[in-house]
Amino acid sequence: MKNYDHKKIEKKWQGVWEKSKIYEAKTGTKGKTFYGLIEFPYPSGAGLHVGHIRSNTAMDIITRKRRMEGYNVLYPIGWDAFGLPTENYAIKMGIEPAKVTKTNTDIFRKQLKSVGFGFDWSREINTTDPKYFKWTQWIFLQMYKKGLAYKHRTTINWCPKDMIGLANEEVVGGMCDRCGGPVIKKEKEQWMLAITKYADRLDKDLDQVNYLEKIKIQQRNWIGKSEGSEIEFTVKDSPEKIKIFTTRADTIFGATYVVLAPEHPLVNNFKLLITNWGDVEKYIKEVKDKPDIERTAEDKIKTGVELKGIKAINPANKEEISIWIADYVLATYGTGAVMAVPAHDERDFEFAKNFNLPIRRVVEPKTVYKEGDSAVREGLPFIRRDCVCAVVRNPKDNKYLCISWKDHEMHGLVTGGIEEGEDVVLAAKREVLEETGYKNLKLIKATDIAINTFFYHRVKKVNRHARFQYVMFDLIDEEQDIVDNAESSIHNVVWKTKEELKTYFSVAEGQFVVNFIDNSNFIHTDEGILHNSGGFTGLDSGEARVKITKSIGGKIVTKYKLRDWVFSRQRYWGEPIPIIHCDKCGYVPVPEKDLPVMLPKVKSYTPTDNGESPLAIISKWVNTKCPKCKGKAKRETDTMPNWAGSSWYFLRYADPKNNKEFASKKALKYWMKDGVDWYNGGMEHTTLHLLYSRFWHKFLYDLKLVPTSEPYMKRTSHGMILAEGGVKMSKSIGNTIDPKDIVISYGADTLRIYEMFIGPFDQSVAWSTESIIGSRRFLDKIWRLSSRIEKNSSPKELQNMLHKTIKKIGEDIEGMSFNTAISSMMIIVNEMEKATSVNEKDFKMFLQILAPFAPHITEEIWSSLGEKKSIHKSLWPKWDKRKIVDETITIGVQINGKVRAEITISKDMEEDDIKSLVLKDKKVLDWWDGWDGKD
RNA sequence: GCCCGAGUGGCGGAAUUGGUAUACGCGCACGACUUAAAAUCGUGUCUCGUAAGGGAUGUGGGUUCGACCCCCACCUCGGGCACCA
């Protein structure tokens, strides 16, 4: 028999498939459709990466299975070819970026074909093709017309040494990626896309799609929806009002100052009233010049300046409070101004401590007992009681006075109700004396800290709301009175160290103490019950927020962290933004008939030293006529980011050659009735590409140009392939693996099997060249097996196993558990090798389930067995229900949770019969005799 | 700091509505075939113990007849966000 010659076989079938066009998708044929999508690659000079193979193979397996299940399958491919690396290479080598792109895509295409992916190459697209980017520009213009594209003064990254604007990805840790020098900010007018107008829908519509949960979570966090209140603070002796945004309106009675972002426009309006304008101006300038790394440094001490001469009025309690500017308040979020509540916000607390600003606690923690004897009883009203909780320290050994109940496991501190006419200190002293006998206490502090507990009082049979105020004492001496018998019979007095307290208490007022004992920085940032809050005292935070906002004329609003998309790049290798600027008419869109706006040929691709794109110096290209008034006008010289072309490419695949539309409605409706059926890609694209493309798609949906409001029905993600040793593969370390080498030495099928077997698909895994041989051996075994199959039927056990395997492979592919799928195929191959005979029909079924994983070898064997049609056009085998039920089952017998024996039973045995069988088993009896009945 | 995810042999990993832990593969050891090597095939391979048996799924607790799986606390690693009020 011939050896398994992967080179010959793979070349042969790749040729046959290309000629017979078996992977080409015809639009409009009847039946079910399936659109499987992978992220189209950026054709870098480095060539195909093993990571590309991993995700492409996964979707290749899925689409091949769908094809065999009778779907009309679209599995397209293209090139996301605009971008920096190509441009930088072009600058360095002085070659046209378009030529670099052509060379790279040719290499990529050849490599992809050599791995045997079932792409429909007739639909290949390229974002740098004018026939493609004409429509990228067209979509931009539609956005412009709807007011979603606008120009806005904002900052760009600027390397003062290289005199060049940098993309965000060229700024690494605040430093220029090219020269290593610090990056500063430079202001420039930039094109922006108003993605924030879609923030709400981008968040809400995640409910409609089948994305991995972690992808949804990450997107939601990025969008950062948060509900809060907008509240106006009037300014004394001024008509101006400061509008703040807060999610914690319930804490407003604790707002002791107001902070504006240094860039806040109101600051200038107060100029004449401010008595320390010099300081203020100086601070604003400092902040502006500060590089981002410094401004966001983790351990940075909060800075700021008070606006002296003006005061804000707290609308809740009419108190006059100071106004500050500080860079810990962001101009770009909320209203750019906050009310500061140092008692309930970490940042405000830190700032207040630095500048000695007042701190007032207005929300107290709350604990509701939900389990055990003290669990609150439904339906009973709560009786409120003011209580004290005495924290008594013995300075001699630094231990704290605790109480332990005798009749049940309960550990706490000395507590008790405040009687008529008593103050907290008196009440606390009295309780200590009554419960423990200690009489000589030195008051350390009657704290402003309190806790509210809600529980069922077992003795008094009522639901109780107890508000414990903490009073701290030191013992002067250990002199004790005799404790009344009624008290001492209930509990013991115990002394515990601070460390022991952490685990000792069983009651909330005790557990809470460890938070603030010896911690002068204690603040309560969670919700709770209002205190010192006028008519709102006693309310829960949630209820109070709404009521307070309403009563002071505030508004409940929703804010997002998501910012509008900076769409301008001062670069050459991108789509020109199709806008003309005319002094008379302003910004005028390029008429649709003049699209695409082509890139001019230039001598140098280097960005200019004034922050403009290299296009700006091509006066022949820049100077043009205004489409409106026909007067002199200039072209926009900014180009689009490379996120633009990838924001709609999946639509173009449906109808890639269309000259009249980006894609016909008919084609879109045929392939994307429910959107892309399955989109697999990397987690690194979760927040940018995925969000951007969802935004563009929704926009086109609003124009009624696409059939669905969401582009992707299902989104999954693959893990990265790391180098051996678990570090990132990188050219500079020299630990990259070229898939080409593996294809040559082991074959594409082996590479595919190996990458699918390497580990769980969604997790990062380390490459191991040593382990590839296992996948090759697996295919070798199959090759050898193919020469000894016969017409005799396979043994029954083997048939059962085959049908179980068919079932499992189907399920595993759907769940992307490719590693376990291959494992179970290996198991059955091992069994077939051992079997006395392997039936041809059975073997063919096995080949069919393997075909999506290893398309070449299976096609070769399939055809050598006399099949005329491609295995990839055959029907996915059906497993037989009757054949997956075992005749006999071996089960373990556990005694006290340990497996002690194994018995074999037949599948239709009754439970009683099994029991008696078990009780007859010798091993079981041995263990049974030894059992003393106690376990 | 916050949000996700993961910790199982020498290595990649399998097993989760709680029911035989370590499937499959790599590596390693021994054996067969061979003049020899490669390839291939077979046997073994968590750990302590001669054995009977005991122990082990990051650590410590808990729930359960029974826990890799559920609960609580903690540690380590990976990813994302990071002054978002």
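FYI, side chains are in, hydrogens and waters are out, and symmetry mates aren't considered; it's all heavy atoms of this structure. What you see is a predicted model; the values in this text were computed from it and never measured. Lettering of chains follows the sequences in order, A, B, ..., and the numbering in each one begins at 1.
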Whole-Å [atom1] distance, [N] and [M]:
N      : M      : atom1 : result
B:rC24 : B:rG31 : P     : 24 Å
B:rU40 : B:rC46 : P     : 23 Å
B:rU16 : B:rA23 : C1'   : 15 Å
B:rG13 : B:rA21 : C1'   : 13 Å
B:rA51 : B:rU63 : P     : 36 Å
B:rC28 : B:rG10 : C1'   : 8 Å

Phosphate contact ([N] OP1 or OP2) by [X] side-chain N/O below 4.0 Å:
X        : N      : answer
A:Asn830 : B:rG25 : yes
A:Tyr328 : B:rA85 : no
A:Ser768 : B:rC11 : no
A:Arg777 : B:rC26 : yes

Next item on the list: Kindly say whether, by distance alone, the side chain of A:Lys302 makes a donor-acceptor pair under 3.5 Å with the base of B:rC83?
Entry: yes
Can you measure [X] atom [atom1] to [N] atom [atom2] for me and round it to whole angstrom units?
X        : N      : atom1 : atom2 : answer
A:Leu722 : B:rG12 : CG    : P     : 12 Å
A:Tyr4   : B:rA39 : OH    : C1'   : 16 Å
A:Gln219 : B:rG80 : CD    : P     : 16 Å
A:Asn221 : B:rC2  : CG    : C1'   : 9 Å
A:Arg784 : B:rA39 : CZ    : P     : 12 Å

For [N], the Watson-Crick or wobble counterpart (both distances under 3.5 Å):
N      : value
B:rU34 : none
B:rC28 : B:rG44
B:rU17 : none
B:rA51 : none
B:rC81 : B:rG1
B:rA73 : B:rU59

May I ask you to say what [X] touches in the nucleic acid, namely base, sugar-phosphate or nothing, with a heavy-atom cut-off under 4.0 Å?
X        : answer
A:Lys781 : sugar-phosphate
A:Asp348 : nothing
A:Lys561 : base
A:Arg563 : base
A:Val765 : sugar-phosphate
A:Ser226 : sugar-phosphate
A:Ser823 : base

Margin query: Test side chain to side chain donor-acceptor pair (under 3.5 Å) on A:His718 and A:Asp762; report intermediate values, then the result.
Written below: CA-CA 4 Å; A:His718 54 260; A:Asp762 59 337; over 6 Å; no
Margin query: So, using ring-ring contact (aromatic ring centres under 6.0 Å, His included) as the criterion, who are the partners of A:Trp767 when residues are at least two apart?
Written below: A:Tyr754
Next item on the list: With A:Glu527 as reference, evaluate A:Arg545, A:Arg248, A:His344 under the side chain to side chain donor-acceptor pair (under 3.5 Å) test and give the passing residue.
Entry: A:Arg545
Notebook entry, point to check: Between A:Phe351 and A:Phe355, what is the ring plane arrangement, given parallel below 30°, perpendicular above 60°, and tilted in between?
Noted result: tilted
Note to self: Between A:Ile217 and A:Gly224, which residue's closest nucleotide on RNA chain B lies nearer the 5′ terminus?
What the structure shows: A:Ile217
Checklist line | 5′-ward residue of the pair A:Glu833/A:Ile773 relative to RNA chain B | finding: A:Ile773
Notebook entry, point to check: Is the centre of the A:His411 ring less than 6.0 Å from the centre of the A:Phe505 ring?
Noted result: no
Notebook entry, point to check: Is there a donor-acceptor contact under 3.5 Å linking the side chains of A:Lys781 and A:Asn830?
Noted result: yes
Notebook entry, point to check: Of the candidate nucleotides B:rA85, B:rG13, B:rG12, which contains the atom at the shortest distance from the side chain of A:Pro760?
Noted result: B:rG13
Item checked: Shortest non-hydrogen contact between A:Ile758 and A:Ala766, atoms and distance -> CD1-O, 3.7 Å
Check: Syn or anti for B:rG13, with syn set at within 90° of 0?
Finding: anti
